[in-house]
There are 2 protein chains.
Amino acid sequence: MKKITILDIARELNITFSTVARALNDHPAISTNTKALVRETAERLGYTRNKIASSLRSGKTKVIGLIVPRLELSFFSSVIHGIEHVINANGYTLLLYQSRESIKREIKGIETFLQLQVDGIIASISLETTSYKHFTDLRKQKVPLLLFDRIIENADIPYVSINDYKGGFMATEHLIKQGYKDIVIISTNHKISIFQERLKGSIDALKFYNLPIREDLIFYGNPSREFGESCIRQLYQNGEKFDGIVTPEDYTALGAIQALKSYGLKVPEDVGVIGFANEAFGDYITPRLTTIDQQNIAMGEQAASLFVKLIKSPDFYAQPIPKIIIDPILIPRESSVRKS
Amino acid sequence: MKKITILDIARELNITFSTVARALNDHPAISTNTKALVRETAERLGYTRNKIASSLRSGKTKVIGLIVPRLELSFFSSVIHGIEHVINANGYTLLLYQSRESIKREIKGIETFLQLQVDGIIASISLETTSYKHFTDLRKQKVPLLLFDRIIENADIPYVSINDYKGGFMATEHLIKQGYKDIVIISTNHKISIFQERLKGSIDALKFYNLPIREDLIFYGNPSREFGESCIRQLYQNGEKFDGIVTPEDYTALGAIQALKSYGLKVPEDVGVIGFANEAFGDYITPRLTTIDQQNIAMGEQAASLFVKLIKSPDFYAQPIPKIIIDPILIPRESSVRKS
């Protein structure tokens with residue numbers, strides 16, 4: 001089917017191409033009557049405005065691309081709310097792309113956003129990503145890029161993250177203060193800094209409170225409900241003595257709680273459990289899950305505000321590169337609070 | 001900052017514009033050495049290829065836009081997985097836009113996707129949407145559009161949905177067969193067909209099993225945890241006799257269960273509760289939530305497969321317009337199954 005152009009509208013009305021173009025652009029030199037006529041005709045013929053051509057000329061699409069690892073985590077959907085709110089209030093539209101923790105898909109997402117000439121990209125990197133050329137190249141090409149939560153240290157790319165070290169320390173300290181002594185630390189085998197920092201924080205909390213660091217109580221794997229279950233199964237089969245579980249995120253904590261229940265252990269009476277990320281379901285389960293909140297919406301809003309501020313400045317990457325670090329918040333609920 | 005063009009690369013290397021362009025396009029007439037030199041220079045100067053210009057010429061971006069109401073519902077994130085899987089396997093990239101149940105935002109999303117010249121749009125309409133011009137206009141302009149789950153009947157737009165009437169019937173029948181007799185139906189005040197169909201199905205199940213239709217046990221509101229709680233509060237305050245609750249979706253069921261617990265009522269012993277949509281959290285809560293599964297991933301895969309098939313055909317909107325209706329599946333769990 002032939003695509004309707006401005007020329008077709010001009011021919012139909014027996015007026016010039018430029019009159020049609022100016023009418024469609026609401027030019028003051030064109031009368032209200034002509035504008036109405038042009039618009040009616042354009043609609044009748046099924047004319048779709050070629051806005052790409054306009055954006056090529058202006059160099060601005062007013063679209064920001066967002067790359068997130070996984071949409072099913074409520075952490076990311078809340079951060080998105082925060083980002084969208086600020087981005088929209090500043091006249092930009094947000095489009096999303098899901099990397100699903102794959103570096104290959106992450107690269108494809110960046111390519112697609114560049115192809116569509118978005119005005120900039122906001123991203124949280126995938127668990128699988130250990131080389132960062134696709135991000136550092138954006139910086140080289142002066143394409144605005146801001147990272148949040150899962151960020152790259154020392155890459156001269158602006159970011160907003162939380163103090164994960166403090167989060168890990170806080171979570172572990174909470175269990176210690178509740179009287180738990182034999183504390184299991186479930187960590188990950190991913191190189192990504194957020195989990196490494198949480199682990200360091202946990203270990204330092206044990207040291208700070210003069211508790212032994214027992215390698216047999218530290219687990220490394222892929223954070224998930226299944227991994228939480230499997231850690232408890234191993235502890236049980238090895239006959240380990242333990243009464244507290246620090247986890248890298250809430251789904252691992254959920255798996256641990258379900259496994260503990262299946263062995264007849266009571267949470268929080270026998271074993272205290274703490275999650276990380278304040279996923280929505282943690283407030284619905286029994287016992288309600290103690291967790292570390294990352295101020296998701298605030299993180300999103302601060303990331304978007306910083307992005308908008310930088311994109312309006314003469315040089316997005318002007319030194320010093322701004323880095324915002326948000327404090328985590330302990331959310332004590334039933335899974336770690338023993339009734340006295 | 002000046003944007004680097006092919007001309008700048010040509011000047012830098014003292015070769016022609018067309019040599020650079022052909023080198024960047026991997027043209028066979030250009031030597032491997034020259035190609036390498038051009039690419040090195042392009043990278044060193046920070047050249048970004050203007051892929052919009054290429055897509056203008058080919059008319060294809062190979063990008064599909066997806067409009068979903070709310071990303072925090074696991075129903076939508078699972079459907080997205082299904083869609084993405086098939087879309088990617090067919091060489092397309094999926095970008096997402098969130099309408100957040102707002103018709104204004106929905107229209108903005110369509111405009112943005114048209115501006116970026118995506119090859120087509122897949123959408124599930126917002127709860128607030130009662131006029132459909134922004135969708136029917138796409139059809140008029142021959143822009144490929146496919147709807148899923150929340151669809152428009154009789155608009156000659158292809159869709160994939162579930163049999164919501166059957167889902168409503170099934171949910172209510174399940175409670176009746178479990179021995180519940182005084183059944184409350186929580187419905188919505190939204191005009192959207194999916195909820196109307198579920199309500200019709202519920203009422204027909206009561207009729208089928210010769211139970212009375214009691215208007216005082218039917219509630220209309222905004223489906224949410226809060227609405228579920230408020231319905232139970234009203235029932236309790238009015239001293240109504242009831243022992244079963246059919247809800248329009250799982251969060252409303254969650255709110256109802258929490259309110260029932262707060263009044264000391266036991267689920268499923270005193271009151272049976274059934275949700276709709278099989279949100280992820282339903283499997284984690286106590287008691288585990290009985291619900292209706294919408295075959296989310298299959299729905300996504302079928303929607304994407306149909307879309308890809310139509311987009312490859314000569315006329316996306318050729319008659320008859322295909323409509324796929326998927327069967328819902330009952331997922332019986334603890335919240336409605338009395339131990340005998």
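Letters A, B, ... are given to chains in the order of the sequence lines, protein chains preceding strands, and every chain is numbered from 1. Below, all heavy atoms of this structure are taken into account, side chains as well, without hydrogens, waters or symmetry copies.
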- Message: Are Q141(B) and L45(A) packed together at the side-chain level, in the sense that at least one heavy-atom pair is separated by less than 4.5 angstrom?
- Response: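 No, every pair of side-chain atoms sits at 4.5 Å or beyond.
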- Query: So which residues of residues 131-138 of chain B are in contact with chain A at a heavy-atom cut-off of under 4.5 Å?
  - Reply: K133(B), D137(B)
- Task: Can you check whether anything in residues 70-85 of chain B gets within less than 4.5 Å of chain A, heavy-atom wise, and list it by number?
- Result: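 If one takes a 4.5 Å heavy-atom cut-off, the residues of residues 70-85 of chain B near chain A are L71(B), E72(B), S77(B), I80(B), H81(B), E84(B), H85(B).
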- Message: If I measure from the heavy atoms of chain A, does D315(B) come under 4.5 Å with its side chain, its backbone, both, or neither?
- Response: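 Contact with chain A involves no heavy atom of D315(B) at all.
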- Can you sort out the partners of Q258(B) under side chain to side chain donor-acceptor pair (under 3.5 Å), two or more places apart, ordered by chain and number? R225(B)
- Task: Under the salt bridge (charged side-chain N to carboxylate O under 4.0 Å, His left out) rule, collect the residues that match up with E226(B), sequence neighbours excluded.
- Result: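 Scan of E226(B) (salt bridge (charged side-chain N to carboxylate O under 4.0 Å, His left out), adjacent residues dropped) gives none.
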Starting at [atom1] of [X], measure out to [atom2] of [Y] and round the result to the nearest 0.5 Å.
X	Y	atom1	atom2	answer
Y97(A)	L96(B)	OH	CG	10.5 Å
F281(B)	D283(A)	CZ	CG	11.5 Å
K140(A)	R44(B)	NZ	CZ	12.0 Å
F113(A)	T93(B)	CZ	OG1	10.0 Å
Q98(B)	L95(A)	CD	CG	11.5 Å

- Query: How far apart are the closest heavy atoms of Q115(A) and T61(B), and which atoms are they?
  - Reply: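 What the structure gives for the nearest pair is NE2-O, 3.0 Å.
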- Message: Using a 4.5 angstrom heavy-atom cutoff, name the option from E279(B), R105(B), K108(B), E43(B) with the most pairs to chain A.
- Response: R105(B)
- Name the member of L66(B), V118(B), I285(B), V143(B) that forms the most heavy-atom pairs with chain A at distances under 4.5 Å.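 Counting heavy-atom pairs under 4.5 Å, the top option is I285(B).
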